[in-house]
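Basis for what follows: all heavy atoms, side chains included, without hydrogens, waters or symmetry-related copies. Here is the naming used below: chain letters follow the sequence lines, and residue numbers restart at 1 for every chain.
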2 protein chains.
Amino acid sequence: MKESAQDRLRRYNIKPSVQRMAVLDYLMTHYTHPTADTIFNALYPAIPTLSKATVYNTLNLLTEQGVIQMITIDEKNARFDARETPHLHFRCSACGEIFDFDLPPLQMEALKDYDITDIQVYCKGVCPTCQKKENNINN
Amino acid sequence: MKESAQDRLRRYNIKPSVQRMAVLDYLMTHYTHPTADTIFNALYPAIPTLSKATVYNTLNLLTEQGVIQMITIDEKNARFDARETPHLHFRCSACGEIFDFDLPPLQMEALKDYDITDIQVYCKGVCPTCQKKENNINN
DNA sequence: TACAAAATTGTAATCATTACAAATAAAGAA
DNA sequence: TTCTTTATTTGTAATGATTACAATTTTGTA
């Protein structure tokens, strides 16, 4: 049985306000790496008093506390991800979609004295679907 | 003997204008992950007619052509890196410095059908020097 | 109910980056 | 060379995501 957004906030000692639960719940049910704007637009109908500032405040708080990750693979907007296990992001330069992949643990002797709080691996290139499309265009 | 900025531009079939050589040469002699602004300020005295727009144009061109890498580990500004071998970036949350580490090749069966053009690995945390400082403050 | 602290809101400001049109430089042809 | 075309650079205005901040609302507690 999956942990709820409320429980996850409690686990990090963050007061589960309506707005915080809504933002985190959206991320925990949409593993689409949304932007702050996307999250705001999705929640606004259900919470018409919601402010975009609150969405930004909440995302920053959750990121600082390590509840979620801020992804900077897209230079235009920050994206957010509620997955808790280290994983790899692949961003297709053709369609823009961001794919998740499990990541083998990277143990590096050279980093042993560094206190690592966050690991992010970004790959960029073309996904198989877009490769096929490109081939069709060129034939 | 090291390759010059001019030769590297030629290798990528990019016309080696004075401005492009200056930007790339700066990156090839300063592995400090500078921002566009830092590069502009460093080059401006020697090239007083240089425009910041040219620095941005050049950095974008070099990034698109794969001559350099754009690093987004710092959410505020893009940073740039002329290293050609895949490597890992560690950003200290205390002092802000970005350290380079060699990266073991990451071969992942799950990605075999993806056409990967760029791999970036970001680690965040506290470097040994800042860890010591933090301990001293707490004692 | 009253008070203090925390959270949310709306809006203005910030600031890195981009857009764009004008100016300049480079390349090619005759 | 001189003319013509193309590529590059420049200065400045615009963009747009994010932040700052003061006012308002909500929450917790006595």
Short side-chain N/O contact to dT19(D) OP1/OP2 from Y56(A), under 4.0 Å: no
If you look at every strand shown and take non-hydrogen atoms under 4.0 Å, does D37(B) touch a base, only sugar-phosphate, or nothing? nothing
In whole Å, I'd like the distance from the CG atom of N13(B) to the P atom of dA7(D). 15 Å
Side-chain atoms of A53(B) come closest, of dT9(D), dT9(C), dT12(D), to dT12(D)
Within this structure, what is the CG-to-P distance between L50(A) and dT25(D), rounded to whole angstrom? 16 Å
Within a radius of less than 6.0 Å around OH of Y44(A), do more than 12 heavy atoms belonging to other residues, nucleotides or ligands occur? no
Can you confirm whether T38(A) sits close enough to Y26(A) that some side-chain heavy atom of one is under 4.5 Å from a side-chain heavy atom of the other? yes
From the list dA27(C), dT9(C), dT9(D), which nucleotide is the closest neighbour of the side chain of R20(B)? dT9(D)
Contact class for T35(B) vs. all strands (heavy atom < 4.0 Å): base, sugar-phosphate, or nothing? nothing
Could you state the CD-C1' distance from E75(A) to dT18(D), rounded to the nearest angstrom? 17 Å
With sugar-phosphate meaning primed atoms plus P, OP1 and OP2, does T54(B) contact a base, only sugar-phosphate, or nothing at under 4.0 Å between heavy atoms? base
Expressed as a whole number of angstroms, how long is the span from N57(A):CG to dA23(D):P? 17 Å
dT19(D) OP1/OP2 closer than 4.0 Å to side-chain N/O of N60(A): yes
Does a donor on one side chain and an acceptor on the other come within less than 3.5 Å for D74(B) and H33(B)? no
Need to verify one output field. Residue with the more 5' nearest nucleotide on DNA chain C, N77(B) or T58(A)? T58(A)
For the residue pair K124(A) and F90(A), what are the closest heavy atoms and their distance? C-CE1, 4.0 Å
dT17(C) P sits how many Å from R79(B) CZ, rounded? 10 Å
Salt-bridge contact R11(B)-E84(B) (side-chain N to carboxylate O under 4.0 Å): yes
Would you mind telling me which residue lines up with the more 5' stretch of DNA chain D, Q19(B) or K76(B), judged by nearest nucleotide? Q19(B)
Which of the following nucleotides, dT18(C), dT8(D), dA7(C), is nearest to the side chain of S17(B)? dT8(D)
Spacing between F40(A) atom CZ and dT9(C) atom C1', to the nearest angstrom: 11 Å
Nucleotide dT25(D), atom C1' - distance to NZ of K15(A) in whole Å: 13 Å
Distance check needed: dT18(D) P versus I39(A) CD1, whole Å only. 11 Å
